[in-house]
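Working notes, beginning with the structure itself.
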There are 4 protein chains.
Amino acid sequence: MPPTPLRDLFQNNLQDDQELPAKQKQVLQAALDLFAVQGFDNTTTKQIATLANVSEGTVYKRFKTKEQLLTAVLKPIITDVTPQMASEFKRVITNHPFESISDLIITIGKDRLQFVWDNQKELRILLGEILKQTQPVKEFTQLITTTIVPAVYHQFDQLKERNKLINWDNERIFQYIISVLLGYGARIVIFSSPIELEQTLTETAEFFERGLAPNK
Amino acid sequence: MPPTPLRDLFQNNLQDDQELPAKQKQVLQAALDLFAVQGFDNTTTKQIATLANVSEGTVYKRFKTKEQLLTAVLKPIITDVTPQMASEFKRVITNHPFESISDLIITIGKDRLQFVWDNQKELRILLGEILKQTQPVKEFTQLITTTIVPAVYHQFDQLKERNKLINWDNERIFQYIISVLLGYGARIVIFSSPIELEQTLTETAEFFERGLAPNK
Amino acid sequence: MPPTPLRDLFQNNLQDDQELPAKQKQVLQAALDLFAVQGFDNTTTKQIATLANVSEGTVYKRFKTKEQLLTAVLKPIITDVTPQMASEFKRVITNHPFESISDLIITIGKDRLQFVWDNQKELRILLGEILKQTQPVKEFTQLITTTIVPAVYHQFDQLKERNKLINWDNERIFQYIISVLLGYGARIVIFSSPIELEQTLTETAEFFERGLAPNK
Amino acid sequence: MPPTPLRDLFQNNLQDDQELPAKQKQVLQAALDLFAVQGFDNTTTKQIATLANVSEGTVYKRFKTKEQLLTAVLKPIITDVTPQMASEFKRVITNHPFESISDLIITIGKDRLQFVWDNQKELRILLGEILKQTQPVKEFTQLITTTIVPAVYHQFDQLKERNKLINWDNERIFQYIISVLLGYGARIVIFSSPIELEQTLTETAEFFERGLAPNK
DNA sequence: AATGAATGAGGGTTCATTCAT
DNA sequence: TATGAATGAACCCTCATTCAT
């Protein structure tokens, strides 16, 4: 079961929000779509209003600032991406611990790269803002390091115990894996180049299996 | 001998240009510095003029558009980064072919990561513009693939011949290596986090030595 | 017994009005308070609604325009200030005619300057709007001249008859007195500077007693 | 020789300013005229631009804010009104000391009331802003009290020495005189009601001559 | 060639006013 | 009747770009 696309998550979130009037939801949706395609700076509040079928005044009714609009758009993305990733790990941990580093890479990679592919546009906003070091994004990175990273390290430790993983620093191992996976992700987001997901991951797993095999 | 910082390369290039009037050179230099710190969108032509000690009109004497100014700033970066990287490989190739994948990673990594560290700001512009898919940047990526990639592949082939590298597709091998190295680069550019260059690379090399060792 | 503060007069008037719904009364009260502090231009209909514990729509239920709101606020002030001032004179006239110009100045001055002190804020609106030559304010000045002025002139005449006042034009005498008294008033309204009421008036009376003594 | 109208003083000042481009002068002149007629809040930068035959951008070229424009307009008024008034006193002091309180009132009154009459509009801006307690106006009042007031007090002292003025506190005497004179001024500014200057002042002087005569 | 004043379209934002519920 | 979401004109201000000097 592939992860839900961000845009859908976003929309669901909006619909669940009882307080937010319909038009305000349209505003957020329009802002998301426009920011994703044109970037924050190159998007006009007028454009947002038009795409949302709403007057410009309505855009400012709830969100007092264009900046606040960005935050409102970014926040659900951030708060959804992170917990989902975290839960992904936790779920697998409790249900059936990873048999091998291969297992871990393929399971996570499949899920997350699919997610990236499904959400190219949305993630491009994130990337753009990361480069600007916007405040909400700083929180994001911190969130990642406090939730996901420990979960992964825990997995590493378990694999090490069962002698399925080389006895290097968790940080070091994480670095390599995350770099390669993010490398794929970056190519998707930046160049929209498709990936032969299944095979690519199998090969990648094979590589890490070699590189991270414990010394016998 | 560490690679020359982009800013110096840029300046040298400017001074060599006989056609460009002095004031125009100041303009380009100012534009580079400001774009790097504030980004393209958040930089004013007035700011450029002021920093360049030049009138606003002068900024537009040669470069008819702010966009053209960006191009003019980006182009030397692109055309300098690429050949240098290419020549880096070629030089090492001709002088003394890499003894091992370790050798390659450490040599190249040392050089390029140092380069990244020295040019964080400038590279951040590049990254920002890459996300916007600006025209000059598309050329950049193409340039890379036509000059650097073949050079590296050639190295891979040689290592394979001498049975020092596993017989996988060059592209696949390249993917892994470039991902890990760019991973370090990204961390530098985005978070300005320093790196224990020497040791990091030695460890990284060790990892790849394992992962990419030929089947015996 | 000091004169009732305008704000209270205003409130009483509102409560007496049977036709006006409770919420509308709250609106007027809020408008008065806000206009007094921030001025008409710098007060938002939203602010009025909020302070009145009422929706923005309700503000416009009866008063079709922000301008009408100002009128509605100004009118009771005007129609209350003036009659009260007029009756003040008349009352004193009928009860016990002034013994001297001193008597008149001290009696009136005490009452009116106290009034000014108690209603600085409200009067500041009036002054501000006077400068803009708003319609309701024109009525105000007219009202003053038709009610108060004759009452005072009548007093002057009586004093003259008893040889207690110089035989100058009433208008001229009025000018001097009103100027000095308004001078005190202005200082209060503009600079909020307190006044030693009792002594100041005694001294002022002494001055006028000299300046306006009849030729013997 | 009547005092130069503010608008002319203003214009002269502008023309003397070598640095200020012609269009900027038009901007200030237009701002002055519009503020005087409509008040600050009700004047649009677009209106200013139109009246000045200038683009809206030009309005903001030198004056970064509408508020700064007000300051720029107010400053010359303030800095011209005050010194002129001060010098008026000083000039008369040195040349020929006032013979009597009559002399003082007529001399000063003539000059200043003429000035008020000639500059109704401009002074109305001042008054409007005084009520708002804007910063530049606070300086104004302070300037008055530190320059003019002492000069007048000095005159009072001299008259007292020569037994031509009652021995009251200078402040008290000043109060009465200024109130009556400002009373005339206010009527001019607010109601544009003309004054029979010469006669009015003669009468006023007579009144003060009585009220402020020394005890024999 | 260089200046910097001038332009004017357009951006973000506010707010009096309207109207569906 | 009361609500408050919605409107849209207009405001202040910015800035890439032009042009007279």
Side-chain angles (χ1 to χ4, degrees), chain A residues 19-24 26-27 41-49 52-69, chain B residues 21-24 26-27 40-50 52-69, chain C residues 21-24 26-27 40-50 52-69, chain D residues 19-24 26-27 41-49 52-69:
Chain A
E19 290 176 78
L20 207 63
K23 302 231 170 179
Q24 297 297 335
Q26 298 167 31
V27 167
D41 283 323
N42 294 320
T43 298
T44 299
T45 51
K46 183 159 201 61
Q47 287 179 322
I48 296 175
N53 262 319
V54 140
S55 77
E56 244 188 300
T58 300
V59 173
Y60 280 86
K61 194 72 197 190
R62 180 147 311 213
F63 311 102
K64 299 309 180 195
T65 282
K66 198 184 160 195
E67 197 80 25
Q68 274 185 35
L69 202 56
Chain B
K23 301 229 168 179
Q24 299 298 337
Q26 297 167 32
V27 167
F40 177 74
D41 283 324
N42 295 321
T43 297
T44 302
T45 50
K46 181 167 195 57
Q47 288 179 320
I48 296 174
T50 303
N53 262 318
V54 141
S55 77
E56 267 193 273
T58 301
V59 173
Y60 279 82
K61 199 70 202 184
R62 174 158 308 222
F63 311 102
K64 299 310 180 194
T65 278
K66 198 185 163 195
E67 198 78 26
Q68 277 183 32
L69 206 55
Chain C
K23 302 229 168 180
Q24 299 299 336
Q26 297 167 33
V27 167
F40 177 74
D41 284 323
N42 294 322
T43 297
T44 302
T45 50
K46 180 165 196 59
Q47 288 179 321
I48 296 174
T50 303
N53 262 321
V54 141
S55 76
E56 268 193 271
T58 301
V59 173
Y60 279 83
K61 199 69 205 182
R62 176 159 304 226
F63 311 102
K64 299 310 181 196
T65 277
K66 199 185 161 195
E67 198 78 25
Q68 277 183 31
L69 206 54
Chain D
E19 291 177 75
L20 207 62
K23 302 231 169 177
Q24 298 297 336
Q26 297 168 31
V27 167
D41 283 323
N42 294 320
T43 298
T44 300
T45 51
K46 183 159 200 63
Q47 286 179 323
I48 297 174
N53 262 319
V54 141
S55 79
E56 240 188 306
T58 300
V59 173
Y60 281 87
K61 195 71 196 191
R62 180 146 315 209
F63 311 103
K64 299 311 179 194
T65 283
K66 199 186 160 195
E67 196 79 26
Q68 274 184 35
L69 203 56

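No hydrogens, no waters, no symmetry mates; every other heavy atom, side chains included, goes into these values. Labels below follow one simple rule: chain letters A, B, ... track the order of the sequence lines, proteins then strands, and each chain is numbered from 1. Predicted model only: the values in this text are computed from it and were never measured.
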C:T45 side-chain proximity, nearest of F:dC12, E:dA16, E:dA6: E:dA16
Proximity to the side chain of D:K66 - top-ranked nucleotide from E:dA6, F:dA2, F:dC12: F:dC12
Phosphate-side-chain proximity, D:Q24 and E:dA6, N/O vs OP1/OP2 below 4.0 Å: yes
Between E:dT17 (C1') and C:I48 (CD1): distance, integer Å: 13 Å
Note, D:S55 side chain near D:K23 side chain (heavy atom, < 4.5 Å): no
A:Q26 CD to F:dA6 P, straight-line distance once rounded to whole Å: 8 Å
Closest-nucleotide 5' rank along DNA chain E - winner of B:S55 and D:A22: B:S55
Position toward the 5' end of DNA chain E (nearest nucleotide), C:K64 or D:P21: D:P21
d(OH, D:Y60; P, F:dA16) in whole Å: 18 Å
Residue pair B:F40 / A:D41, side-chain heavy-atom distance below 4.5 Å: no
Sugar-phosphate, base or nothing in reach of D:K61, heavy atoms under 4.0 Å: base
Between C1' of F:dT3 and NZ of C:K46, the distance in whole Å: 11 Å
Sugar-phosphate, base or nothing in reach of D:V59, heavy atoms under 4.0 Å: nothing
Any donor-acceptor N/O pair under 3.5 Å between F:dC13 base and D:E56 side chain: yes
